[in-house]
Asks: 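Quick one: the structure is below, questions incoming.
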There are 2 protein chains.
Amino acid sequence: MRPTKRDELVQQALQAFYRNGFQATGMDMLAAETGISKTSMYKHFRTKEDLILAVLRLRDEHFRNWLYRRMEELAETPRQQLIAMFDALEEWFAEPGYRGCMFIKASSEYQDANHPIHKQSAEHKRMLEIHITDLARKAGLRDADALARQLLLLKEGAMVTAHLGHTANPAQDAKAAAIQLIEAHRQ
Amino acid sequence: MRPTKRDELVQQALQAFYRNGFQATGMDMLAAETGISKTSMYKHFRTKEDLILAVLRLRDEHFRNWLYRRMEELAETPRQQLIAMFDALEEWFAEPGYRGCMFIKASSEYQDANHPIHKQSAEHKRMLEIHITDLARKAGLRDADALARQLLLLKEGAMVTAHLGHTANPAQDAKAAAIQLIEAHRQ
DNA sequence: CTCTATGTTTACCGATCGGTACACTTTGCA
DNA sequence: TGCAAAGTGTACCGATCGGTAAACATAGAG
């Protein structure tokens with residue numbers, strides 16, 4: 001299990017796909033941008049779709065790790081961490097290269113619900129839901145499942161709105177809403 | 001100003017783009033699907049981008065008209081209409097061909113904030129924001145601007161989540177959250 | 001020292017991309 | 001009746017699409 005080249009390809013492909021979109025990024029462009037020959041790319045991945053799936057797996061791992069860690073760094077109790085999720089998002093939105101959620105993009109370009117790329121994007125969201133539900137439960141909040149789903153709606157909305165950019169600070173809008181929803185779920 | 005053919009093209013192109021995505025729908029496929037010759041299409045629209053912009057204009061008009069009217073049909077007072085927005089969304093999500101928000105898709109495929117397609121998508125969201133803010137104000141709710149932004153975050157989140165489909169009924173989750181947020185903004 | 005895995009370059013495949021040229025047909029109106 | 005607008009089919013353009021063939025370079029391990 002050597003790391004290096006293959007992982008390097010996936011990592012650089014992630015950047016390119018995130019910046020340019022999936023369909024708009026051709027394999028030739030990818031080869032030119034990464035400096036890795038097309039032949040080598042197709043030794044590692046049988047199709048472009050396989051490469052995209054690998055990219056999404058990496059993104060899922062990175063994003064969830066980053067978000068969960070950042071939430072823990074920003075707050076101590078589970079309840080405060082739920083709220084801190086939106087501060088973490090705000091940091092992300094403020095990054096220069098922010099272009100929205102990669103999984104929303106992926107499911108926008110591969111719309112069929114049975115398409116592997118679409119299914120994997122949905123799986124990412126499901127993983128997030130499990131974690132946030134668990135956190136809401138640990139916080140001792142009433143109806144943790146429903147609350148988690150509501151908070152995640154705010155998160156999705158904030159990510160989309162931050163990309164569409166017609167609003168100043170969607171993360172803080174979401175945070176204010178989240179605080180009220182959490183308050184309403186105290187028991 | 002003859003209607004017919006040009007409008008027919010835009011309407012059918014809307015269906016095709018919504019079903020298949022923008023980049024994935026070629027002009028040849030469009031010609032085959034609509035029965036309108038490529039030559040005619042390029043007589044009406046100088047580029048594919050121009051056609052997409054026309055499609056988005058039509059979609060904006062249709063969607064906003066539909067949503068506003070449905071909200072009024074479903075509820076009487078402005079405050080109830082704000083809540084009814086999510087019942088209207090639920091109806092939309094339940095339609096067989098539902099594939100998420102066309103403007104989110106468009107901004108996902110044309111990511112550059114300065115791209116005309118991206119800008120027009122943002123404009124659609126801004127129009128919605130104005131209307132919902134106005135409604136929140138008519139409902140006599142405190143901090144109508146902030147509340148409207150929060151409700152719209154729920155709406156965006158619900159549309160995305162309904163498309164990703166990892167959750168049973170995002171519209172009703174959003175509605176429950178909206179009710180609590182509105183309640184918190186009574187004065 | 002050789003074998004094998006991993007990588008490379010270059011050229012190519014058929015299909016499709018957005019867009020155009022050109023000659024022809026239909027149709028509403030004066 | 002005749003003319004112009006609007007629409008048609010067909011064939012084409014160079015570029016790019018995802019993917020492949022073949023011959024060659026490099027390097028670590030037995």
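A note on names: the letters A, B, ... follow the listed sequences, proteins ahead of strands, and every chain is numbered from 1.
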Asks: Would you name the heavy atoms of M71(A) and L135(A) that are closest together and state the gap between them?
Replies: CE-CD2, 3.6 Å
Asks: Hey, could you give me the CZ/CE distance between F22(A) and M102(A), rounded to the nearest 0.5 Å?
Replies: 4.0 Å
Asks: May I have the distance from L51(B) (atom CG) to dG18(C) (atom P), rounded to whole angstrom?
Replies: 11 Å
Asks: Whole angstroms only, please: what is the CE-P distance between M41(B) and dG18(C)?
Replies: 9 Å
Asks: Is the closest basic N to carboxylate O distance between R126(A) and E129(A) below 4.0 Å?
Replies: no
Asks: Near DNA chain C, under 4.0 Å by heavy atom, which residues of residues 15-26 of chain A?
Replies: none
Asks: Which of these nucleotides, dG7(D), dG18(C), dC17(C), is closest to any side-chain atom of S40(B)?
Replies: dG7(D)
Asks: Quick one: D7(B) CG to dA6(D) P, roughly how many Å, whole number?
Replies: 13 Å
Asks: Between E72(B) and R69(B), is the closest basic N to carboxylate O distance under 4.0 Å?
Replies: no
Asks: Whether the E90(B) and Q172(B) side chains hold a donor-acceptor pair (N or O, under 3.5 Å, no angle test) is what I'd like checked.
Replies: yes
Asks: Write down the distance between CG (L30(B)) and P (dC17(C)), rounded to a whole number of angstrom.
Replies: 11 Å
Asks: Do Q111(B) and H163(A) have side-chain heavy atoms sitting under 4.5 Å apart?
Replies: yes
Asks: M27(A) CE to dT16(C) C1': how many Å, rounded?
Replies: 17 Å
Asks: How does protein reach along nucleotides 20-26 of chain C, written 5' to 3' as B (base within reach of a heavy atom under 4.0 Å), S (only sugar-phosphate), or - (no contact)?
Replies: BBB----
Asks: Are I132(A) and R149(A) close enough that some pair of their side-chain heavy atoms sits under 4.5 Å apart?
Replies: no
Asks: Using the closest heavy atom to pick a nucleotide of DNA chain D for each, name whichever of D28(B) or E49(A) lands nearer the 5' end.
Replies: D28(B)
Asks: Please step through side chain to side chain contact (heavy atoms under 4.5 Å, CB included) for the pair Y18(A) and R59(A), ending with a clear verdict.
Replies: CA-CA 10 Å; Y18(A) 185 64; R59(A) 178 62 162 196; 3.8 Å; yes
Asks: Measure NZ/K48(A) against C1'/dT16(D) and give the value in whole Å, please.
Replies: 11 Å
Asks: Between D112(A) and H118(A), does the side chain to side chain contact (heavy atoms under 4.5 Å, CB included) criterion hold? Intermediate values first, please.
Replies: CA-CA 7 Å; D112(A) 185 353; H118(A) 192 103; over 6 Å; no
Asks: Establish, with yes or no, whether the OP1 or OP2 oxygen of dG7(C) is under 4.0 angstrom from a side-chain nitrogen or oxygen of H44(A).
Replies: yes
Asks: Round to the nearest Å and state the distance from E8(A) atom CD to dT8(C) atom P.
Replies: 9 Å
